[in-house]
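Heads up, the thing below is written out as C-alpha cells.
We name chains A, B, ... by the order of the sequence lines, and we start the count at 1 in each one. What you are looking at is a predicted structure, and each value in this text was computed from that prediction instead of being measured.
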There are 2 protein chains.
Amino acid sequence: MLTMKAKYALRALTTLARHGGKPLPAHQLAERAQVPESFLEVILSDLRRAGYVASKRGLQGGHQLAKPPEQIGLGDLIRSIDGPLAPIRCASLTAYRACSDCPDPDACATRVLMTDVRNAISDVLDRRTLRDQVELESIRGDLAA
Amino acid sequence: MLTMKAKYALRALTTLARHGGKPLPAHQLAERAQVPESFLEVILSDLRRAGYVASKRGLQGGHQLAKPPEQIGLGDLIRSIDGPLAPIRCASLTAYRACSDCPDPDACATRVLMTDVRNAISDVLDRRTLRDQVELESIRGDLAA
DNA sequence: GGAATTTCCGACCGAACAGATCGGAATTGT
DNA sequence: ACAATTCCGATCTGTTCGGTCGGAAATTCC
C-alpha cells in the first residue's frame with residue numbers, strides 16, 4: 001500500500017524538481033504540491049534524513065533537492081517513507097525477516113509466491129527515477145493545457 | 001501488504017485442497033494450517049461468503065473447497081480478503097476511485113506509476129491458482145523430506 | 001428425544017498505525 | 001533586533017489489524 005505520506009512525498013519532490021535549484025519555502029511547496037503544510041514538515045524531515053532534500057533556514061531559506069532527479073530511484077524513495085516494497089517481510093530482499101510461525105521459509109509456498117510479487121513491484125519501481133516522473137508530468141500537463 | 005488474515009486463508013485453502021474432498025473440522029484445520037482456531041472461524045466465514053469454501057455443521061461436518069483448486073485464482077482470493085491489489089485506489093481496475101485531492105486523474109504521474117505497479121502485481125497473482133500453490137508445496141515438501 | 005459435535009455469528013478488545021496538528025526552539029538574512 | 005523560516009517532539013483522533021469470547025443454530029448418532 002502506498003500511504004498518503006509517500007504520495008505527498010512524491011508530489012513534493014517532483015514539485016521541487018520542477019522548481020529548479022532554488023530553495024522553496026515549505027508553505028509555498030505545500031500550496032503547489034497540495035499537501036497539508038504541517039504534515040509536509042514531517043515528511044520533509046524524513047526526506048532530509050534520507051538524503052533527498054537539503055533545507056536552509058531563515059529568510060530566503062527553503063527546501064531543495066539534494067541530488068539530481070535522475071539519481072533518485074523511486075523504489076528507494078518509497079522504501080524510505082513506507083518501508084519495504086515486499087507484501088510480506090519474508091519476501092523482502094532489503095529487509096528480510098522470517099515469519100515467527102514459519103517452520104521452514106525455504107519450503108514456504110506463500111513466500112515463493114510473494115517473492116515473485118515483490119520482484120514484479122521492484123522491477124517497476126527500481127527502474128525509474130524522479131526524472132521519469134517529472135517528464136511524465138510535463139507531457140501529461142502539456143496535453144491537458 | 002499481505003495481512004495475516006490473507007496468509008492464513010492461503011494456508012487454510014491449500015490445506016483443504018491437500019485433504020481431498022472430505023470435510024475437515026475447523027479445529028483440525030487450525031492445527032494443520034497453523035492458524036489460531038477462533039481467528040480461523042472468522043476467516044472461513046469470509047471464504048464461505050466469497051464462495052471458496054463450503055461448510056457442513058454437526059457431527060461429521062467440517063469445511064471443504066467449494067470448487068476445484070485450479071478454479072481458484074490467487075488474485076481474486078487475495079482481493080476477497082485484503083481488498084484491491086493496487087497500492088492506491090485510483091490505480092485499481094476492480095475498485096477504482098479517484099483521490100479526493102486529485103484535480104485530474106488522467107494527468108496524474110503517481111497514478112500512471114502505480115497503475116504499472118498494480119499491473120505487475122496482477123500479472124503474477126491473476127495468472128496463478130490454488131493448484132499452483134498446492135503443487136509448489138508438494139515439491140518443496142518432498143525435497144525437505 | 002437427547003446428547004455430542006460442529007458450524008455460525010456478532011460483540012468486543014488491545015495494540016499499532018495513519019494522518020495529521022500544535023507549540024515552541026533554533027537558525028539565518030537584513 | 002526582527003522577521004522569516006526550518007526544526008523537533010508531543011499529542012491527538014480515527015481506523016485497521018489480529019485476534020478472543022459467548023452463545024445460538026444445525027446436524028448426526030444413539
Residue closer to the 5' end of DNA chain C, A:Thr3 versus B:Gly58 (nearest nucleotide): B:Gly58
Of A:Lys5 and A:Leu59, the one whose closest nucleotide on DNA chain C sits nearer the 5' end is A:Lys5
Say whether, by atom type as modelled, one donor and one acceptor occur between the side chain of A:Asp82 and the main chain of A:Thr3 under 3.5 angstrom. yes
Where do B:Ser45 and B:Arg49 land on the side-chain hydrogen bond (donor to acceptor under 3.5 Å, both in side chains) test, with the steps shown first? CA-CA 6 Å; B:Ser45 167; B:Arg49 224 187 320 273; 3.0 Å; yes
Closest approach to the side chain of [X], judged atom by atom: which nucleotide of [options] is it?
X: B:Arg57; options: C:dA18, D:dT6, D:dT27; answer: D:dT27
X: B:Met4; options: C:dA18, D:dG19, D:dT5; answer: D:dG19
X: B:His63; options: D:dC29, C:dA18, C:dT7; answer: C:dT7

What donor-acceptor contacts under 3.5 angstrom involve side-chain atoms of residues 20-38 of chain A, with partners at least two apart or in another chain?
none

Tell me which residues in residues 27-48 of chain A put a heavy atom below 4.0 Å from DNA chain D, sorted by number, or none. A:His27, A:Glu41, A:Arg48
Rounded off to whole Å, could you give me the [atom1]-to-[atom2] distance for the [X] and [N] pair?
X: B:Arg49; N: C:dG10; atom1: CZ; atom2: C1'; answer: 11 Å
X: A:Met1; N: D:dT16; atom1: CE; atom2: P; answer: 10 Å
X: A:Ile81; N: C:dG19; atom1: CD1; atom2: C1'; answer: 13 Å

Is any side-chain nitrogen or oxygen of [X] closer than 4.0 Å to OP1 or OP2 of [N]?
X: B:Gln60; N: D:dC29; result: yes
X: A:Ser55; N: D:dT5; result: no
X: B:Tyr8; N: D:dG18; result: no

Under the ring pair (Phe, Tyr, Trp, His ring centres under 6.0 Å) test, which residues partner B:Tyr52, sequence neighbours left out? none
Flag the pair [X] / [Y] as yes when at least one side-chain heavy-atom distance between them is below 4.5 Å, and no otherwise.
X: B:Pro84; Y: B:Arg89; value: yes
X: A:Thr129; Y: A:Ile72; value: no
X: B:Leu13; Y: B:Val53; value: yes

